[in-house]
Number of protein chains: 2
Amino acid sequence: MLAQAASQLSHPHALTHDVVATPPAFEGTLPYTDCCYRAGEEIYALGDRASALYQVEFGAVRIFRLLADGRRQISAFHFVGDVFGFEAGDRHNFFAEAICATGIRAYRRPVESELAREILPVALEALVRAQDHLLIIGRQNADERVAAFLLDLMERQDGLTRIELPMSRADIGDYLGLTIETVSRVLSRFRQKGHVHFERARNAEIVHPDALRAICE
Amino acid sequence: MLAQAASQLSHPHALTHDVVATPPAFEGTLPYTDCCYRAGEEIYALGDRASALYQVEFGAVRIFRLLADGRRQISAFHFVGDVFGFEAGDRHNFFAEAICATGIRAYRRPVESELAREILPVALEALVRAQDHLLIIGRQNADERVAAFLLDLMERQDGLTRIELPMSRADIGDYLGLTIETVSRVLSRFRQKGHVHFERARNAEIVHPDALRAICE
DNA sequence: CGTAATGTTGACAAGGGTCAAGCTTAGTGG
DNA sequence: CCACTAAGCTTGACCCTTGTCAACATTACG
């Protein structure tokens, strides 16, 4: 597993281009460099100059904002193949951190004219995702939110019922607008009902996807 | 007031181009037609072909989604000058309705290559707005949400402390992820504390903007 | 002027948050 | 290799914010 090799790296550092087989997002169009991050490491911070586009090669990334008192809202998780890091201005409006040992391909930001065509589809998709998320957080209860989250994870992991949850319960809570405790309680209830089986806290088998679908309507 | 003239129209219909002085969003680049809508009228529905971009000339628009059981999440309000209606695919993912008598300029959707450069900035801005909204709904309480909403309205109405709320309490609730009753109670509390003065339910004076800023941090 | 839609307020209930204790797991160092 | 520790997770008890239900007030409109 690539993540194992990566976890031994003490600092993010450039790799050669042929380490990983992730298909490039901008095939043949943009120069890039690869970089590894350990769990919890910052990829960029709010206010940093937005000078690159990023693609996840392996691992997972959380994108978030903070309120003055420390409350955190995770607006997105990114997994293998996902592209992120484009911004409205020339500065980042968010923080990005590696959730676990993570490889990132950084594409030098193309000039404005080319950039538009390249990333508009990605930006529009991100917009739809953000608005879906808004519906979930604004109008669904804890059970519905967690069910939708598990189904989303499943779909993004090739639809396989065995899923990994690389993020902590705190991450899930901050993504769904819930507390750690509520996330934990809902997952326990799903487990008791037999909808999900947890081998470990971060490895689950979705036993009855349809039960979850029925919950989030 | 243009809205008065518009409110007499019985059906949406094309206007000549020189009725309103709103600066076009795509000056000289795209052909357009103008159209009027009455309060509550649908501009487009989920699933409709996304064949145009829209700009508000006067009035206000709500963009929303529905859950199967009728719960509604308003993802955005659009006011004079705002551009909306771009989508990830070739179909609309949302409903758009006029909140009050509203004039809309519909630009024929440009070909893909031109489209990208035109609307990328608008799309990125919408993304930031959606993600801001996510933080508010996911991590702020009722007082903070309503305070942030009032300040947002104020800023978008030229920063003047006299603001209009064209939308109903139900709209505000569905935008902020609250019920009508909670919105009403919070507004009453703000009124009692002297932060806001309501001349009518939909006309307010923000007496102490800083008090509201302090509330939403 | 009368009616329906919209908004306000109150009483009560419940979903989810807070605080606290205990359990599991992974990582570390002897 | 095992024991210790810290971080992460789970569970329980309690409480608070917000939702629900209902009555009433106000406004807009025909």
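Below, read A as the first sequence line, B as the second, and so on, with proteins coming before strands; counting in each chain starts at 1.
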Student: When all nucleic acid strands are considered with a 4.0 Å heavy-atom cut-off, which category describes Leu187(B): base, sugar-phosphate, or nothing?
Tutor: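 The answer is nothing, as Leu187(B) stays clear of every strand by at least 4.0 Å.
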Student: Using a strict 4.0 Å threshold on nitrogen-to-oxygen distance, state whether Asp82(A) and Arg156(A) make a salt bridge.
Tutor: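 Counted as a salt bridge, because a side-chain N and a carboxylate O are separated by less than 4.0 Å.
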Student: Would you indicate what Arg191(A) reaches in the nucleic acid, counting non-hydrogen atoms under 4.0 angstrom: base, sugar-phosphate, or nothing?
Tutor: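 Sugar-phosphate, backbone atoms only, no base.
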Student: Would you classify Ser188(B) as touching base, sugar-phosphate or nothing, given that sugar-phosphate means primed atoms plus P, OP1 and OP2, and contacts are heavy atoms under 4.0 Å?
Tutor: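 The answer is sugar-phosphate, as Ser188(B) gets under 4.0 Å only of primed atoms, P, OP1 or OP2.
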Student: Whole angstrom is fine here: how far is it from CD1 in Ile172(B) over to C1' in dT8(C)?
Tutor: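 Going from CD1 in Ile172(B) over to C1' in dT8(C) covers 14 Å.
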Student: Rounded to whole Å, how long is the line connecting atom CG of Leu165(A) with atom P of dT10(D)?
Tutor: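 Answer to the nearest Å: 10 Å.
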Student: Counting only side-chain nitrogens and oxygens, does Thr179(A) get under 4.0 Å of the OP1 or OP2 atom of dG17(C)?
Tutor: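 Checking dG17(C) against Thr179(A), a side-chain N or O does come within under 4.0 Å of OP1 or OP2.
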Student: Using the closest heavy atom to pick a nucleotide of DNA chain C for each, name whichever of Gln192(B) or Asp143(A) lands nearer the 5' end.
Tutor: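 Result of the comparison: Gln192(B).
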Student: Determine whether the side chains of Arg191(A) and Ser188(A) contain a donor N or O and an acceptor N or O closer than 3.5 Å.
Tutor: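 A pair is found: one side chain offers a donor N or O, the other an acceptor, under 3.5 Å apart.
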Student: Whole angstroms only, please: what is the CZ-C1' distance between Arg139(A) and dG19(D)?
Tutor: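 Rounding to the nearest Å, CZ of Arg139(A) and C1' of dG19(D) are 10 Å apart.
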Student: Between the two ends of the helix from dC1(C)-dG30(D) to dG30(C)-dC1(D), what is the bend in degrees, rounded to 10 degrees, where each end axis spans five pairs?
Tutor: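 That helix gives 40° between its end axes.
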Student: Using atom CG of Asn203(A) as one end and atom C1' of dT24(C) as the other, report the distance to the nearest whole Å.
Tutor: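 To the nearest whole Å, that distance equals 14 Å.
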Student: Check the distance between dG19(D)'s C1' and Asp174(B)'s CG and give it to me in whole angstrom.
Tutor: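 One finds 14 Å between C1' of dG19(D) and CG of Asp174(B), rounded.
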Student: Considering only heavy atoms and no angle criterion, is a donor-acceptor pair shorter than 3.5 Å present between the side chain of Glu181(A) and the base of dC9(D)?
Tutor: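 Between dC9(D) and Glu181(A), which were checked side chain against base, a qualifying N/O pair under 3.5 Å is absent.
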Student: Using a strict cut-off of less than 4.0 Å between a Lys/Arg side-chain nitrogen and an Asp/Glu carboxylate oxygen, indicate whether Asp69(A) and Arg139(B) qualify as a salt bridge.
Tutor: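 Here Asp69(A) does not pair with Arg139(B) in a salt bridge, since their nearest N and O are not under 4.0 Å apart.
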Student: When the distance from CZ of Arg202(B) to C1' of dC29(D) is rounded to whole Å, what number comes out?
Tutor: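 So the two atoms are 13 Å apart, to the nearest Å.
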Student: In whole Å, what is the span from the CD atom of Gln140(B) to the P atom of dG17(C)?
Tutor: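 In whole Å, dG17(C) P lies 15 Å from Gln140(B) CD.
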Student: Can Arg129(B) and Asp152(B) be counted as an ion pair, charged N to O under 4.0 angstrom?
Tutor: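 A salt bridge links Arg129(B) with Asp152(B).
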Student: Check whether any side-chain heavy atom of Ile104(B) lies under 4.5 Å from a side-chain heavy atom of Val61(B), and answer yes or no.
Tutor: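 Sidechains of Val61(B) and Ile104(B): in contact.
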Student: On DNA chain C, compare the nucleotides closest to Val183(A) and Arg200(A); which residue's is nearer the 5' end?
Tutor: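 That would be Val183(A).
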Student: Could you please name the option among dT18(D), dT8(C), dG17(C) that lies closest to any side-chain atom of Thr182(B)?
Tutor: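 Closest nucleotide to the Thr182(B) side chain: dT18(D).
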Student: Do the charged groups of Asp143(A) and Arg189(A) touch, with an N to O distance under 4.0 Å?
Tutor: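 A salt bridge is present here (some side-chain N lies under 4.0 Å from a carboxylate O).
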Student: For the pair made of CG in Asn141(B) and C1' in dG15(C), what is the distance, rounded to whole Å?
Tutor: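 Spelled out: CG on Asn141(B) to C1' on dG15(C) is 16 Å.
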Student: If you check the Ser168(B) side chain, which of dT10(D), dT8(C), dT6(C) turns out closest?
Tutor: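 For Ser168(B), the side-chain atoms sit closest to dT6(C).
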Student: Looking at every strand, decide which applies to Arg189(B) at a 4.0 Å heavy-atom threshold: base, sugar-phosphate, or nothing.
Tutor: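 No contact.
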Student: Would you say Arg145(A) reaches dG16(C)'s phosphate, i.e. side-chain N/O to OP1/OP2 under 4.0 Å?
Tutor: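 Negative; the distance criterion is not met.
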Student: Which part of the nucleic acid, if any, lies within reach of Gly177(B) when heavy atoms closer than 4.0 Å are counted: base, sugar-phosphate only, or nothing?
Tutor: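 It contacts sugar-phosphate atoms only.
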Student: Taking the side chain as everything from C-beta on, heavy atoms only, tell me whether Glu125(B) gets closer than 4.5 Å to Val128(B).
Tutor: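 No, too far: nothing below the 4.5 Å cut-off.
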Student: Counting only distance, no hydrogens or angles, is the base of dG12(D) paired donor-acceptor with the side chain of Arg185(A) under 3.5 Å?
Tutor: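 For Arg185(A), whose side chain was compared with the base of dG12(D), there is a donor-acceptor pair (under 3.5 Å).
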Student: If you look at every heavy atom in His133(A) and Gln73(A), which pair is closest and at what distance?
Tutor: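 Smallest interatomic distance, heavy atoms only, reads CE1-NE2, 4.3 Å.
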